[in-house]
Amino acid sequence: MKRFQLALCVLVSALSFTSCVKKNFDAPPDSSNYDPNLPTSGSLAKARALLAGTVAVPIDSDWTISATVIADDRSGNLYKQIVVDDGTTGMTLLLEANNLYGNYPVGRKIYLKTKGLYIGMYGGLPQIGMIDETGSMIGIPSTLIGGHVIKGDFPHPVIPDTVSLNDLNDGLLNRLIYIKDVEFAGSNLGMSYAQPSAIASGTSRTVEDCAGNTITLRTSGYANFQPYIVPSGKGGIAGIYTTYNGTPQLILRDTTDVTMYGERCGANTPFITIDSMQKMYTGADAVMPTAKISCIVISDRANGNTTASNVIVQDASGRGVVMYFSGSGNTPTYDMGDSLVVDITAMTLTTYQGGLELKANTSKVVNYKGNHAVTPLSISLDDLNASFITYQSTLVEIKNATVSGGGTYSGNKTLNDGTSTISLYTTSAAGFASQPVPTTPMTYRGIATPYTNGNEIKLRNLNDVY
């Protein structure tokens, strides 16, 4: 099977799709539905056919080409350019202006008047613009854009061509494509789409299919999604197909074009519930079988009331467990609400201070970032204390309860709902430890936490008190 041999660009500043100067993108998109219905002639394919090499050539024909904008600069991943498609092929238009999406958003019909324009190549990618005194391609000056790129009505549907990595060819350059059944390379997991602009103007990541075919995803350091972590699953990705000196590349419009939620290549491990996993512990350390769990993070590392090496998760069975990450390079960075798929194969389920704990490794965790909610179990303290081992490491809700034992949350306090009491514990390192506790009955949400000196409830943040 053909494999694309992709190399990183030696000079990141050489990629024309990479922003060079950070700009603000605050212009409202033009939603006008007026269309001048100009007579059309020529096509982008005919313009592209004028190219005989790498030197820019004039488009002498006085064509008026009707096309649709398929990519704009809203996210900052394109800079002073838009990409259009007229059905015959796609083309990058170089325009010497910012906030182009205000006039030329994705889905806008445009009329391109070609007289006086040039078509050239940049790294093998066809582009239309003008030339300077040295013969180099430049953007159409802002004062001339309106005479060459005339707005039509809006919006028009923009539908990508669905392809596999084996289908890619030069005929797809400057076109919106959707590549199915791919994932980010394992070496990219946990990384952001791009390094910050202070480090690099653009960054390459690798997208691959299950057969090992690859394509480079190129992202500007100025894109507004630069810091987002690449997804860990398998699925599809849409973008503008480009090339740079023989290296096939994909340019995202924004991250809504990435839909990688499925199991990664080679995944055939069965899923079990946390409830089933808990039952494998019968009084001695238990080594887990070949299995995975799908769970939601209920602890809040941002507020610090959980040990940094611990992540507490809960699944659809209503059961929870502490995942303990130890060792160099094994620091968890999972946030409350993240959805995790954990390969527990050969992990050890043990106890620590009276509660079950899974010794985990970040390399076995796939994180589907998001704000996924877990509904707390509304329960009385009497019922909770009677079955605490069952409800350990789960999110519970105690209504109409009062707190005694001190003026702030820090340390051990006593939570009382009239049926029983329990310790409400907050470490002094928690972000809300110094805040005063309420003096009137409130509802308290927290994680039921076994402890050798007595069971506890741990708040995650002050939103758990209302």
Side-chain angles (χ1 to χ4, degrees), residues 9-21 23 38 40-73 76-86 88-101 103-104 108 110-151 170-175 201-202 218 220 222 240-247 249 251:
C9 298
V10 176
L11 298 175
V12 293
S13 62
L15 179 61
S16 66
F17 274 87
T18 298
S19 297
C20 298
V21 180
K23 299 292 182 182
L38 301 181
T40 59
S41 57
S43 68
L44 293 176
K46 287 183 177 180
R48 181 173 172 176
L50 298 174
L51 284 168
T54 59
V55 177
V57 297
I59 306 175
D60 290 327
S61 299
D62 190 8
W63 291 327
T64 299
I65 301 171
S66 173
T68 301
V69 179
I70 59 172
D72 60 33
D73 60 356
N77 206 25
L78 296 182
Y79 180 64
K80 293 187 176 181
Q81 55 191 241
I82 59 175
V83 185
V84 300
D85 195 315
D86 70 345
T88 67
T89 192
M91 188 64 62
T92 296
L93 302 185
L94 305 180
L95 307 174
E96 193 59 35
N98 297 307
N99 299 337
L100 294 167
Y101 76 89
N103 284 318
Y104 309 111
R108 161 75 69 199
I110 63 104
Y111 295 93
L112 180 66
K113 299 185 76 66
T114 63
K115 188 67 172 179
L117 299 182
Y118 283 73
I119 184 165
M121 289 278 222
Y122 189 87
L125 185 71
Q127 299 179 330
I128 288 178
M130 289 187 170
I131 63 170
D132 62 16
E133 61 278 4
T134 69
S136 299
M137 290 285 295
I138 60 172
I140 302 171
S142 59
T143 55
L144 302 179
I145 290 175
H148 287 283
V149 187
I150 299 167
K151 294 190 294 183
D170 285 351
L172 294 171
L173 289 175
N174 282 319
R175 307 199 86 160
S201 61
R218 187 71 180 175
S220 167
Y222 295 100
I240 303 300
Y241 181 55
T242 70
T243 185
Y244 183 73
N245 290 344
T247 298
Q249 298 185 135
I251 308 296

- Query: Does any N or O in the side chain of Arg108 come within less than 3.5 Å of the main-chain N or O of Asn103, such that one atom is a donor and the other an acceptor?
  - Reply: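 Side chain of Arg108 to backbone of Asn103, a donor-acceptor pair under 3.5 Å: yes, one is there.
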- Just by modelled atom types, is the Lys80 backbone N or O under 3.5 Å from a matching donor or acceptor in the Asp73 side chain?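 Here the side-chain-to-backbone pair does not exist.
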Is the shortest side-chain heavy-atom distance between [X] and [Y] below 4.5 Å?
{"X": "Leu95", "Y": "Val149", "answer": "yes"}
{"X": "Ile251", "Y": "Leu78", "answer": "yes"}
{"X": "Ile65", "Y": "Lys113", "answer": "no"}

- Matching residue for Ile128 among Val84, Thr114, Asn174, Leu93 - test: side chain to side chain contact (heavy atoms under 4.5 Å, CB included):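 By the side chain to side chain contact (heavy atoms under 4.5 Å, CB included) criterion, Ile128 pairs with just one of Val84, Thr114, Asn174, Leu93: Leu93.
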Closest approach of [X] and [Y], non-hydrogen atoms and distance?
{"X": "Pro126", "Y": "Leu51", "value": "CB-CD1, 4.2 Å"}
{"X": "Ile145", "Y": "Ala97", "value": "CD1-CB, 3.8 Å"}
{"X": "Tyr104", "Y": "Asp72", "value": "O-CB, 3.6 Å"}
{"X": "Asp85", "Y": "Arg175", "value": "OD2-NE, 2.8 Å"}
{"X": "Ala56", "Y": "Gly135", "value": "CB-O, 4.4 Å"}
{"X": "Ile59", "Y": "Ala47", "value": "CD1-CB, 4.3 Å"}

State the [atom1]-[atom2] distance between [X] and [Y], to the nearest 0.5 angstrom.
{"X": "Leu117", "Y": "Met137", "atom1": "CG", "atom2": "CE", "answer": "8.5 Å"}
{"X": "Ile70", "Y": "Thr92", "atom1": "CD1", "atom2": "OG1", "answer": "8.5 Å"}
{"X": "Ile240", "Y": "Gln249", "atom1": "CD1", "atom2": "CD", "answer": "13.5 Å"}
{"X": "Tyr122", "Y": "Asn245", "atom1": "OH", "atom2": "CG", "answer": "8.5 Å"}
{"X": "Leu112", "Y": "Thr40", "atom1": "CG", "atom2": "OG1", "answer": "12.0 Å"}
{"X": "Ser142", "Y": "Asn98", "atom1": "OG", "atom2": "CG", "answer": "9.5 Å"}

- Item | Stepwise side chain to side chain contact (heavy atoms under 4.5 Å, CB included) check, Leu94 with Ile138 | CA-CA 7 Å; Leu94 305 180; Ile138 60 172; over 6 Å; no
Go through the structure and list residues passing side chain to side chain contact (heavy atoms under 4.5 Å, CB included) with [X], not counting sequence neighbours.
{"X": "Ala45", "answer": "Ser43, Thr88, Thr89"}
{"X": "Ser41", "answer": "Trp63"}
{"X": "Leu38", "answer": "Pro36, Thr64, Tyr111, Ile150"}

- Task: Please report the C-alpha distance between Ile119 and Met91 in whole Å, then the side-chain angles of each, then the deciding distance to 0.1 Å, and finally whether the side chain to side chain contact (heavy atoms under 4.5 Å, CB included) criterion is met.
- Result: CA-CA 10 Å; Ile119 184 165; Met91 188 64 62; 3.7 Å; yes
- Message: Using side chain to side chain contact (heavy atoms under 4.5 Å, CB included), reason through His148 and Met130 one step at a time and then give a plain yes or no.
- Response: CA-CA 11 Å; His148 287 283; Met130 289 187 170; 3.6 Å; yes
- Using the side chain to side chain contact (heavy atoms under 4.5 Å, CB included) rule, take Leu173 and Thr243 through it: C-alpha gap first, then chi angles, then the decisive distance, then the call. CA-CA 7 Å; Leu173 289 175; Thr243 185; 3.9 Å; yes
